[in-house]
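Heads up, the thing below is written out as structure tokens.
Only heavy atoms go into these numbers, but all of them, side chains included; no hydrogens, no water, no symmetry mates. Labels below follow one simple rule: chain letters A, B, ... track the order of the sequence lines, proteins then strands, and each chain is numbered from 1.
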Protein chains: 2
Amino acid sequence: MKKTVFVFSALIVALLLLFKLSEYTYLSGNISIEIAIGTVAIVFFIVGIYINKKSLKKEKIDFIDHQKIEELGISKREYEVLVQISKGFSNKEIADVLFLSESTIKTHVSNLLVKLDSKRRTQAIQKAKDLHILPV
Amino acid sequence: MKKTVFVFSALIVALLLLFKLSEYTYLSGNISIEIAIGTVAIVFFIVGIYINKKSLKKEKIDFIDHQKIEELGISKREYEVLVQISKGFSNKEIADVLFLSESTIKTHVSNLLVKLDSKRRTQAIQKAKDLHILPV
DNA sequence: TTGCCACTCATACTAAAGTACCAAAAACAC
DNA sequence: GTGTTTTTGGTACTTTAGTATGAGTGGCAA
């Protein structure tokens, strides 16, 4: 957010500078008004691409629908397990990284499968990504 | 590709029109050179965003690294199985949609796990997506 | 403080997944 | 056409995943 504000401020400054440049151009006999306009076009074209790229990354990679997670009644611990599942870990491995027993993981997984209306963990991963409750 | 050419042609025409406008502005006493520049800025900003969006869609959704698939020695049939796995189907279900026996699917999956250096199908899915041999 | 809920864990079971090894038909290259 | 790879499939086995059920703990709200 801070970065966005900064970028837009810079843009406005650039625009003002160009206005000033256009004044000089006018005073000095309007030698290269085309170059000024062309420059503005190129600069804003590139800035447009840059900003879009940034915002798309945020949307597609970071966007998690917390609303949906709540709707499905998925608890904090269950969600942690879901994340580990999507990384391809086994129940035993998940148990180790979360300092729990494998039984506990199995319980969480079983609950997750019900809440995500899935028969297998692979299907749960797919569904979770479709629902944007896991990063794609 | 045709669309891209069309868009860029339109852009050049727009730029030329703006050059013409700037001439008129100059002749008529340079009333609103700022407006002209501002317009160019906004137009090219939006066009930049638009074009970027189009190209990103193609890149992120359609891009499959066939080179990599060959490198890993994954055969056609094996790849078909991999796709089904990533959709969350069981071996039995995959066998049904591909009209094969479950034994055959197991063989393919086992080979896939070796080729993708994975211990489980969930890990294989993750790896395949990382390597861009499966759509994200 | 009582009751609900999330979290934890266990046992016992069934169902999938995955391994190892073998083998035969089909496709493909040389 | 012969050799190689792909594809198919089987048996027998081990491992992992998932279900069902019960139960204890701690937090939190009415």
Side-chain angles (χ1 to χ4, degrees), chain A residues 64-131 133-134, chain B residues 64-131 133-134:
Chain A
I64 300 293
D65 193 344
H66 297 282
Q67 173 79 41
K68 197 82 196 173
I69 296 175
E70 235 182 294
E71 271 177 41
L72 296 172
I74 295 175
S75 71
K76 244 179 294 176
R77 215 46 164 161
E78 283 166 357
Y79 185 73
E80 288 183 74
V81 172
L82 179 58
V83 170
Q84 298 300 320
I85 288 177
S86 76
K87 289 182 182 171
F89 292 120
S90 69
N91 290 337
K92 185 78 195 63
E93 286 170 341
I94 298 173
D96 288 345
V97 299
L98 295 182
F99 302 105
L100 298 173
S101 82
E102 198 184 339
S103 299
T104 307
I105 304 301
K106 282 189 178 185
T107 306
H108 287 319
V109 172
S110 237
N111 291 332
L112 276 169
L113 292 181
V114 172
K115 289 171 183 176
L116 285 168
D117 190 29
S118 301
K119 286 182 197 155
R120 285 164 293 282
R121 48 171 61 207
T122 47
Q123 200 182 339
I125 295 171
Q126 183 63 29
K127 217 154 197 174
K129 293 193 173 184
D130 283 349
L131 295 172
I133 66 179
L134 273 183
Chain B
I64 300 291
D65 193 344
H66 297 283
Q67 172 79 40
K68 197 82 198 172
I69 296 175
E70 236 182 292
E71 271 177 42
L72 295 172
I74 295 175
S75 70
K76 246 179 292 177
R77 216 44 163 164
E78 282 165 358
Y79 185 73
E80 286 183 74
V81 172
L82 179 59
V83 170
Q84 298 300 319
I85 289 177
S86 76
K87 289 182 182 171
F89 291 120
S90 69
N91 291 337
K92 185 78 195 63
E93 287 170 341
I94 298 173
D96 288 344
V97 300
L98 295 183
F99 301 106
L100 298 172
S101 83
E102 198 184 341
S103 298
T104 307
I105 305 300
K106 282 189 177 186
T107 305
H108 288 320
V109 172
S110 238
N111 291 332
L112 276 169
L113 292 180
V114 172
K115 289 171 182 176
L116 285 168
D117 190 29
S118 301
K119 286 182 198 156
R120 284 163 293 281
R121 49 171 61 207
T122 47
Q123 200 183 339
I125 295 171
Q126 184 62 29
K127 216 153 198 175
K129 292 193 173 183
D130 284 348
L131 296 172
I133 66 179
L134 273 183

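Here T104(A) lies in heavy-atom contact (under 4.0 Å) with a base. Nucleic acid contact for S101(B): sugar-phosphate only, since backbone atoms but no base atoms lie under 4.0 Å from a heavy atom of the residue.
N91(B) and R121(B) share a donor-acceptor pair across their side chains, judged by distance under 3.5 Å alone.
Residue H108(B) has its side chain nearest to dT7(D) when only dT7(D), dT16(D), dC7(C) are considered. Closest to the side chain of T107(A), out of dT7(D), dT8(C), dG18(D), is dT8(C). Residue K76(B) has its side chain nearest to dT7(D) when only dC7(C), dT7(D), dG18(D) are considered. Comparing dA17(D), dG18(C), dT7(D) against the side chain of R121(A) picks out dA17(D) as the nearest. The S103(A) side chain lies nearest to dA10(C) when the options are dA6(C), dG18(C), dA10(C). For L113(B), counting side-chain heavy atoms from C-beta on, the closest listed nucleotide (dC9(C), dT8(D), dT19(C)) is dT19(C).
The existence of a salt bridge linking E93(A) and R120(B) is confirmed by a sub-4.0 Å separation between a basic side-chain nitrogen and an acidic carboxylate oxygen.
As a whole-Å value, the separation of Q84(A) CD from dA17(D) C1' is 17 Å. In this structure, CG of N91(B) is placed 14 Å from P of dG10(D), rounded to the nearest angstrom. Atom CD1 of I85(B) is separated from atom C1' of dA17(C) by 10 Å (rounded to the nearest Å).
Along DNA chain C, the nucleotide nearest G73(A) and the nucleotide nearest T122(A) are compared for position; the residue whose nucleotide lies closer to the 5' end is G73(A). Between S75(A) and V109(B), it is S75(A) whose nearest contact on DNA chain C lies nearer the 5' terminus. When each of K106(B) and F99(B) is assigned the nucleotide of DNA chain D with its nearest heavy atom, F99(B) is the one assigned upstream, toward the 5' end.
With values rounded to the nearest 0.5 angstrom, K127(B) atom NZ is found 15.5 Å from K115(B) atom NZ. Atom CD1 in I74(B) sits 14.5 Å away from atom NZ in K76(B) (nearest 0.5 Å).
When the side-chain nitrogen and oxygen atoms of R120(A) are compared with OP1 and OP2 of dA16(C), none of them lie within a distance under 4.0 Å.
For E71(A), the CD atom sits in a packed shell: over 12 heavy atoms of surrounding residues, nucleotides or ligands are nearer than 6.0 Å.
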